[in-house]
Amino acid sequence: MRVYNFSAGPAMLPLEALEAARSELTDWQGSGMSVMEVSHRGKAFVECAAQTEALLRELMGIPENYTVLFLQGGASGQFDAIPLNLTADGDTVDFLNTGQWSAKAIKAARKAGLTVDVLADEAGSRYTTTPAEGSFTVDPAAAYLHYTPNETIGGVEFGYVPESGDVPLVADMSSTILSRPIDVSRYGLIYAGAQKNMGPSGLCVVIVRNDLLGRARPSTPSIWNYAEMAASDSMLNTPPTFGIYLLGKILTWVKESGGLPAMAERNSAKAEALYGYIDGSGYYSNPVAKDSRSWMNVPFLQANPELDKTFVAEASEAGLTTLAGHRSVGGMRASIYNAMPLAGVQALIDFMTDFQRRNG
Ligand SMILES: *Cc1c(COP(=O)(O)O)cnc(C)c1O
């Protein structure tokens, strides 16, 4: 029995991709082995990784002058790896702070000894807003501008791509990648932990413009050195083979579902339905400014917060799981990534309606 899993991550994956993996789990491509048991340097797996990369390039429209890396250490590893790869001693880096993930990336940049300029700090709104477009100016001498397009905890998402001129734009897309088409050429570097929209945890995808390769500090660990990893096709050491394989299955599902334009349509319909219901309920509320609401993570509060535990427990019994809010925000949070169908959101709305009728 499958539930509707609203976890923020590791998150629900498309059933089609899981079933495709299951059907060949014990005997992959007639090898008599699972994909987890074959050499990462053998022809079959090297082809699998190349196909996964090609599909990602096709779906996201990644230009030729960008390198795709399959790394480990999660998005958190990149908080430290990005300063090592893209800066020198004495550099300044610009940040937009819109939530707890931005804040962690800022902390790592400071730890690397960089001068960090926070051009916009939304902590004052308790992370319920994004800075207005054009309200900040990027330092032309900054090594990069870093931002978090979607803040997974606060449920806050940018409605625009920040203008950074010639300064490379660096984006933590962990919880929004593949949710809609984007113009990759606007970015210097995109990174994303896989466990929200791309597959199992343990894989981190980095998409980096080639002119940013080769600048790493000598102390950079090789497994996080973009140029070294690029030169070895992300196989300097044993890569997360199962994660790369399953990403391929998920990308196949995305493609067969109509690609990123279809994902965008599906995700906007889900978000519209849920926010529309919350706003009109007279019982539930979403704390985020309307122009900054996330398509992927929807935190919501109820008028009787003492019933939060009851809500989460009863929802779980009804097959709607992992709805507890992040401890810093309280209430509930529904993460509705690509794999969550509109029917799952509708089931949640039906449950919320019934819960309000009984308790409101
Ligand atoms: C989940 C998440 C992270 C952390 O990812 P790990 O793979 O656990 O390091 C970082 N940034 C954002 C936006 C996230 O959603």
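Order of listing sets the numbers, starting from 1, for every ligand and every atom in it. These numbers were taken from a predicted model, which means no experiment stands behind them.
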Evaluate Gln195 for polar contact with ligand 1, using N/O atom pairs at a separation under 3.5 Å. yes
Closest protein heavy atom to atom 5 (O) of ligand 1, given as residue, atom name and distance to 0.1 Å: Ala75 CB, 3.6 Å
Heavy atom of the protein closest to atom 2 (C) of ligand 1 (residue, atom name, distance): Lys196 NZ, 2.5 Å
Does Ser174 approach ligand 1 within less than 4.0 angstrom via side chain, backbone, both or neither, non-hydrogen atoms only? side chain
Lys/Arg N to Asp/Glu carboxylate O, Arg2 vs Glu19, below 4.0 Å: no
Provide the number and element of each atom of ligand 1 under 4.0 Å from a heavy atom of Thr152. 12 (C), 13 (C), 14 (C), 15 (O)
What protein heavy atom lies closest to atom 9 (O) of ligand 1? Include the residue and the distance to one decimal. Ser76 OG, 2.6 Å
Is Glu163 salt-bridged to Arg186, cutoff N-O under 4.0 Å? yes
Let me see the working for Asp279 and Arg293 under salt bridge (charged side-chain N to carboxylate O under 4.0 Å, His left out), right down to the final yes or no. CA-CA 12 Å; Asp279 289 345; Arg293 286 175 164 181; 2.9 Å; yes
Find all atoms of ligand 1 within a distance of less than 4.0 Å from any non-hydrogen atom belonging to Gly74, and give their numbers and elements. 7 (O), 9 (O)
Please report the closest heavy-atom contact between Val206 and Tyr191, naming both atoms and the distance. CG2-CB, 4.0 Å
Between Asp172 and ligand 1, is there a nitrogen or oxygen pair with a distance under 3.5 Å? yes
For the 3.5 Å polar cut-off, considering only N or O atoms, please tell me whether Gly73 and ligand 1 meet it. no
Can you give me the closest heavy-atom contact between Ala75 and Cys204, atom names plus distance? N-SG, 4.0 Å
Quick one: does any side-chain atom of Gln51 pair with a main-chain N or O of Gly248 as donor and acceptor, under 3.5 Å? no
Determine, using ring centers only, whether Tyr4 and Phe351 are less than 6.0 Å apart. no
